[in-house]
Amino acid sequence: MTILQVENITKSYGKELVLNNISFNIPYPKIVALVGPNGSGKTSLLNIITNLLKPDSGNIQILGRPNTDPNIFYETSFMQDNSVLYEYLTGYDHLQFIADVQNLSKEQILKTSQLVGNDGYLHKKVKNYSLGMKQHLLLAMAILNKPKLLILDEPLNGLDPTSAIRVRELIIQLHKEGTTILISSHNLGEIDRITSNIIFIKSGQIIEEDLAEFEQVTYYLSVSNQQHAIKILKEQQIPVILENDRLKIWIDEKSLQTVISVLLNQGISIKDIEKKITGSEERYQQIFGKKDEEDESFEI
Ligand SMILES: Nc1ncnc2c1ncn2[C@@H]1O[C@H](COP(=O)(O)OP(=O)(O)OP(=O)(O)O)[C@@H](O)[C@H]1O
């Protein structure tokens with residue numbers, strides 16, 4: 001049974017088309033990251049998947065049922081941003097509310113809190129929480145029901161490195177236990193450590209990739225006549241930029257020999273070649289270009 005099926009989702013706010021006929025499928029438990037610049041429609045898409053927002057057209061199926069079926073929320077969870085928290089309630093109050101609605105035990109609350117690491121301040125009011133403490137509570141709320149599908153919107157926001165590592169390990173552990181995780185994040189360094197399955201979202205459309213199967217690597221070449229080399233490679237439609245006095249080229253391994261031959265034939269000498277496996281950061285740069293690389297929200 002398919003875990004999540006997103007079919008032809010389109011959404012506009014007024015005249016602004018935010019999601020343009022988005023489709024993808026998660027057929028078996030895996031971790032999938034949703035990556036894109038600010039305002040690319042990630043949160044809108046997650047809200048549509050969880051039926052908090054209606055699309056203009058399209059369908060969502062979760063675990064073989066339409067996302068409008070209230071019963072799927074016993075098996076699906078959505079970690080939203082901290083605006084869903086109540087300042088004058090404690091962390092425990094929030095968890096107890098979910099436990100009551102979903103018929104979960106007090107033991108489950110304590111076990112989950114220990115797992116997430118928020119058991120030490122469970123009885124403090126949320127108004128006294130730091131951003132990281134709020135993130136921990138939101139995560140505990142989301143995994144309390146041991147969901148089959150867990151949707152996380154920017155779960156690493158505001159976390160110090162130790163907390164981020166803990167959340168990352170928790171996500172990997174949940175996946176090993178059979179949970180499918182759809183995670184939106186700007187933190188590409190963390191995403192690389194969690195998964196190679198990435199859905200890049202650009203101009204309301206998606207580019208879906210498994211970077212592990214994506215045989216592209218980045219090569220850094222030190223060459224004799226850089227500007228001439230760049231001109232030659234661009235003529236060959238090879239994506240190349242100058243970075244730190246070296247040519248940065250995105251090609252698959254087989255094409256490297258061609259690049260070397262082309263350059264040598266034009267009298268350009270190659271002093272050094274360094275190979276780097278493409279991670280989500282490099283792929284992001286290829287898809288979204290330099291402009292978004294300078295975006296402050298683009299953390300690595
Ligand atoms: N309720 C709304 N009314 C009007 N426009 C909206 C609304 N919600 C989002 N938008 C617009 O839709 C676009 C996509 O927003 P969305 O929050 O889905 O993107 P995002 O990828 O999650 O962004 P970020 O990474 O900054 O959180 C943005 O241009 C935003 O201004």
Side-chain angles (χ1 to χ4, degrees), residues 4-24 26 31-60 62 67-68 76-85 131-132 134-135 137-139 141-142 149-159 164 167-168 171 181-195 197-209 211 279-300:
L4 174 64
Q5 191 166 2
V6 174
E7 262 184 332
N8 308 115
I9 293 294
T10 294
K11 176 74 187 171
S12 298
Y13 295 106
K15 283 185 185 157
E16 187 190 3
L17 179 63
V18 177
L19 301 170
N20 185 6
N21 209 22
I22 298 264
S23 298
F24 66 91
I26 305 183
I31 304 174
V32 177
L34 189 60
V35 173
N38 288 126
S40 58
K42 300 179 298 294
T43 301
S44 300
L45 181 58
L46 298 183
N47 283 336
I48 287 171
I49 290 171
T50 49
N51 196 29
L52 293 173
L53 183 68
K54 293 281 169 216
D56 299 335
S57 57
N59 291 299
I60 307 283
I62 296 175
N67 67 340
T68 47
T76 306
S77 279
F78 182 25
M79 176 183 165
Q80 298 178 72
D81 65 35
N82 60 39
S83 63
V84 299
L85 298 177
L131 187 57
K134 288 180 182 172
Q135 289 295 93
L137 173 59
L138 289 163
L139 186 61
M141 288 161 67
L149 174 63
L150 175 62
I151 298 174
L152 305 169
D153 196 2
E154 298 285 351
L156 303 166
N157 260 2
L159 295 184
V167 170
R168 187 213 310 157
I171 289 170
I181 295 145
L182 178 61
I183 174 173
S184 95
S185 179
H186 287 129
N187 193 328
L188 300 181
E190 282 297 339
I191 288 295
D192 273 344
R193 293 186 184 97
I194 294 172
T195 186
N197 298 302
I198 315 253
I199 293 173
F200 291 99
I201 181 161
K202 183 182 186 184
S203 309
Q205 291 180 307
I206 64 167
I207 302 164
E208 188 180 357
E209 277 165 1
L211 292 182
S280 59
E281 180 195 343
E282 281 77 20
R283 193 62 188 126
Y284 187 99
Q285 282 182 38
Q286 289 168 37
I287 294 171
F288 299 108
K290 278 286 197 188
K291 187 171 171 288
D292 291 307
E293 184 191 1
E294 286 155 10
D295 188 330
E296 281 177 7
S297 65
F298 173 45
E299 299 165 21
I300 52 170

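Note that the structure is a prediction, hence the values are computed from the model and not measured. Sequence positions, counted from 1, serve as the residue numbers for this chain. As the structure lists them, so they are numbered: ligands from 1, and atoms in each ligand from 1.
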Does ligand 1 have any atom that is closer than 4.0 Å to a heavy atom of Gly41?
yes
Under 4.0 Å, counting heavy atoms only: does Glu154 come that close to any atom of ligand 1?
no
Lys11 vs Ile22 side-chain heavy atoms within contact, under 4.5 Å:
no
How far is atom 17 (O) of ligand 1 from its nearest protein heavy atom, and which residue and atom is that?
Thr43 CB, 3.8 Å
Side chain, backbone, both or neither: which applies to Asn38 and ligand 1 if a contact is any heavy-atom pair less than 4.0 Å apart?
both
Please confirm whether the backbone N or O of Pro155 pairs with a side-chain atom of Gln135, one donor and one acceptor, at under 3.5 Å?
yes
Heavy atoms, side chains only, cut-off 4.5 Å: are Val84 and Leu138 in contact?
yes
Mark whether atom 19 (O) of ligand 1 lies under 4.0 angstrom from at least one protein heavy atom.
yes
Looking only at atom types and distance, does a side-chain atom of Asp56 sit under 3.5 Å from a main-chain N or O of Leu19, one as donor and one as acceptor?
no
Kindly indicate whether atom 30 (C) of ligand 1 is approached by any protein heavy atom to under 4.0 angstrom.
no
In this structure, does ligand 1 have an atom that sits under 4.0 Å from one of the heavy atoms of Pro37?
yes
In terms of atom number and element, which parts of ligand 1 are under 4.0 angstrom from non-hydrogen atoms of Ser40?
19 (O), 20 (P), 21 (O)
Can you sort out which atoms of ligand 1 are near Glu16, meaning under 4.0 Å from one of its heavy atoms?
11 (C), 13 (C), 28 (C), 29 (O)
Starting from atom 9 (C) of ligand 1, locate the nearest protein heavy atom and write down its residue, its atom name and how far away it is, to 0.1 Å.
Tyr13 CE1, 3.4 Å
Check whether any side-chain N or O of Asn67 sits under 3.5 Å from a backbone N or O of Ile49 as a donor-acceptor pair, and report yes or no.
yes
Heavy-atom donor-acceptor pair, Ser23 side chain to Asn8 backbone, under 3.5 Å
yes
Output yes when a side-chain donor or acceptor of Thr50 lies under 3.5 Å from a complementary backbone atom of Phe78, and no otherwise.
no
Within the side chain of Lys42, is there an N or O that forms a donor-acceptor pair under 3.5 Å with the backbone of Gly36?
yes
For atom 25 (O) of ligand 1, closest protein heavy-atom neighbour
Lys42 NZ, 2.8 Å
Whether the side chain of Lys202 engages the backbone of Pro37 through a donor-acceptor N/O pair (distance < 3.5 Å, no angle test) should be reported.
no
Please report which non-hydrogen protein atom sits nearest to atom 16 (P) of ligand 1, along with the residue it belongs to and the distance in Å to one decimal place.
Ser44 OG, 3.8 Å
Contact (N/O only, under 3.5 Å) between Gly39 and ligand 1
yes
